[in-house]
Structures are given as C-alpha cells and as structure tokens.
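Because the structure is a prediction, the values reported are computed rather than measured.
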Amino acid sequence: MLGHEAWLKIAQEDLLAAKGLCKLELFSSAVYHCQQSAEKSLKAYLVSKKNPILKTHDLIKLLEVCMSFDKEFEKKFDAANYISPFSSKFRYPTEFEVPDKEETQQAISCAQSIFRFVLRKIAKPQSGQSTIFDR
C-alpha cells in the first residue's frame, strides 16, 4: 500500500486542478476535482492510521471512518456534505444545471478546508516537520 504522502500529493494536484479549471470557467470539472481532492485527503488520513482504504466516493462514509480515530473530523461534515455529490453529479448530462462560479468557489473552499485539516492531523507537531504541502 502506498503511503499517505502519495495520497496527499494527488489530493493537492486535484485541488490545484480545481482552482485552474475555475479560472477557465470549467465549473463542472472543477467541482469534480474538489470532490476528488477531499476523497484522497480523507483516504490519506486513513492510510496514515494503517486503516484499509474503502472503495467509495462517499465523503460522509469516509468521514465516519476517520471519526473512529479522531472525533474532530466531525467539524468537516458540512464541507464533505457539500462536495460529496460532485463525484458524479455533473459528470454526465442530467437535469442539474452546471454549477456557477460562486458554487465552484465554495466547493474549492470546502476541499481546501478538508485537505488542510488532514495535513494538520497527519503532521507530527513535535518534530516541526515541514513538507511541500505547507503552501
């Protein structure tokens, strides 16, 4: 199994992709990458705890597993709930309208919040460790 660093690197790439896609006004793709960033961030935390990875895109389910290790993950429920549907909601033509810039920026904020929260939870404060993720 790959270490949590590999999961975090891809989560960060998804977050950066979402920001770039938002600037290009490719909002449905941007929100998808937000969901992916959050999903991979939560899975990074589970890997750091030596927990098997759930094969799911459901952020609430992943959050619940994370909460079995640390109840503070409950603080990220609203963010996860907002972006969880974006794993598929705008991937195919449906009755849903494409998200607008404001919704996309909210999704980016939620994904970034989850990513940074996981970084803090994984970091070893006693070591003063700094990584490429401290941007």
Side-chain angles (χ1 to χ4, degrees):
M1 180 184 333
L2 293 174
H4 68 270
E5 297 91 351
W7 285 92
L8 287 171
K9 178 152 181 46
I10 296 171
Q12 183 183 41
E13 286 181 13
D14 277 318
L15 187 55
L16 292 171
K19 290 176 180 181
L21 290 164
C22 183
K23 288 178 184 172
L24 295 171
E25 298 186 1
L26 299 171
F27 303 131
S28 60
S29 293
V31 297
Y32 170 75
H33 283 283
C34 290
Q35 186 282 336
Q36 287 291 292
S37 175
E39 178 182 328
K40 291 165 189 164
S41 296
L42 295 172
K43 288 179 177 181
Y45 178 78
L46 294 175
V47 167
S48 79
K49 295 298 183 186
K50 311 284 190 258
N51 195 80
I53 298 299
L54 295 176
K55 294 191 184 234
T56 184
H57 300 295
D58 185 340
L59 299 182
I60 301 304
K61 194 174 284 188
L62 290 169
L63 203 59
E64 288 170 351
V65 178
C66 291
M67 286 172 56
S68 72
F69 293 98
D70 186 336
K71 294 292 183 202
E72 283 195 28
F73 273 87
E74 185 176 11
K75 294 177 181 177
K76 295 299 157 192
F77 179 83
D78 288 342
N81 193 49
Y82 185 80
I83 57 178
S84 194
F86 299 148
S87 65
S88 61
K89 187 173 183 180
F90 302 110
R91 300 302 293 162
Y92 304 99
T94 66
E95 70 278 6
F96 300 111
E97 290 190 30
V98 172
D100 62 20
K101 186 173 186 173
E102 185 178 313
E103 292 169 311
T104 302
Q105 288 172 332
Q106 178 65 30
I108 289 169
S109 177
C110 289
Q112 190 164 277
S113 169
I114 291 170
F115 178 75
R116 288 179 177 167
F117 183 83
V118 168
L119 284 179
R120 285 191 301 274
K121 289 297 181 180
I122 292 175
K124 299 175 183 168
Q126 67 274 13
S127 72
Q129 178 180 348
S130 177
T131 71
I132 61 168
F133 305 112
D134 294 337
R135 292 183 190 183

Novice: Are Tyr82 and Glu103 close enough, and set up right, to give a side chain to side chain contact (heavy atoms under 4.5 Å, CB included), and what steps lead you there?
Specialist: CA-CA 10 Å; Tyr82 185 80; Glu103 292 169 311; 3.6 Å; yes
Novice: Does Glu5 form a salt bridge (Lys or Arg N to Asp or Glu O under 4.0 Å) with Lys9? I'd like the steps, not just the answer.
Specialist: CA-CA 6 Å; Glu5 297 91 351; Lys9 178 152 181 46; over 6 Å; no
Novice: Carefully, step by step, assess Cys22 and Phe27 under the rule side chain to side chain contact (heavy atoms under 4.5 Å, CB included).
Specialist: CA-CA 6 Å; Cys22 183; Phe27 303 131; 4.0 Å; yes
Novice: Taking a hydrophobic cluster as the set of Ile, Leu, Val, Met, Phe, Trp and Tyr residues connected by side-chain heavy atoms closer than 4.5 Å, whether directly or through intermediates, do Leu54 and Leu42 fall within one such cluster?
Specialist: yes
Novice: Does the side chain of Gln106 reach to within under 4.5 Å of the side chain of Cys110, using non-hydrogen atoms?
Specialist: yes
Novice: In the single-linkage hydrophobic clustering (I, L, V, M, F, W, Y; side-chain heavy atoms under 4.5 Å), do Leu21 and Leu16 co-cluster?
Specialist: no
Novice: Linking I/L/V/M/F/W/Y whenever their side-chain heavy atoms sit closer than 4.5 Å, directly or via other members, would Ile60 and Phe86 fall into one cluster?
Specialist: yes
Novice: Is there side-chain contact between Thr104 and Lys101, with heavy atoms separated by less than 4.5 Å?
Specialist: no
Novice: Do Val118 and Met67 share a hydrophobic cluster, counting only Ile, Leu, Val, Met, Phe, Trp and Tyr and linking them when any side-chain heavy atoms are less than 4.5 Å apart?
Specialist: yes
Novice: When rounded to the nearest 0.5 angstrom, what is the spacing between CG in Asn51 and OG in Ser68?
Specialist: 6.5 Å
Novice: For Asp14 and Tyr32: C-alpha separation, side-chain torsions, deciding distance, then whether side chain to side chain contact (heavy atoms under 4.5 Å, CB included) applies.
Specialist: CA-CA 9 Å; Asp14 277 318; Tyr32 170 75; over 6 Å; no
Novice: Ignoring hydrogens, what is the shortest heavy-atom contact between Cys34 and Ile83? Give both atom names and the distance.
Specialist: O-CD1, 3.9 Å
Novice: Below 30° counts as parallel, above 60° as perpendicular, anything between as tilted: where do the rings of Phe117 and Phe73 land?
Specialist: perpendicular
Novice: Can a salt bridge be assigned to the pair Lys71 and Glu74 using a cut-off of 4.0 Å between side-chain N and carboxylate O?
Specialist: no
Novice: Do Glu13 and Lys40 come within less than 4.5 Å of each other through their side chains, counting heavy atoms only?
Specialist: no
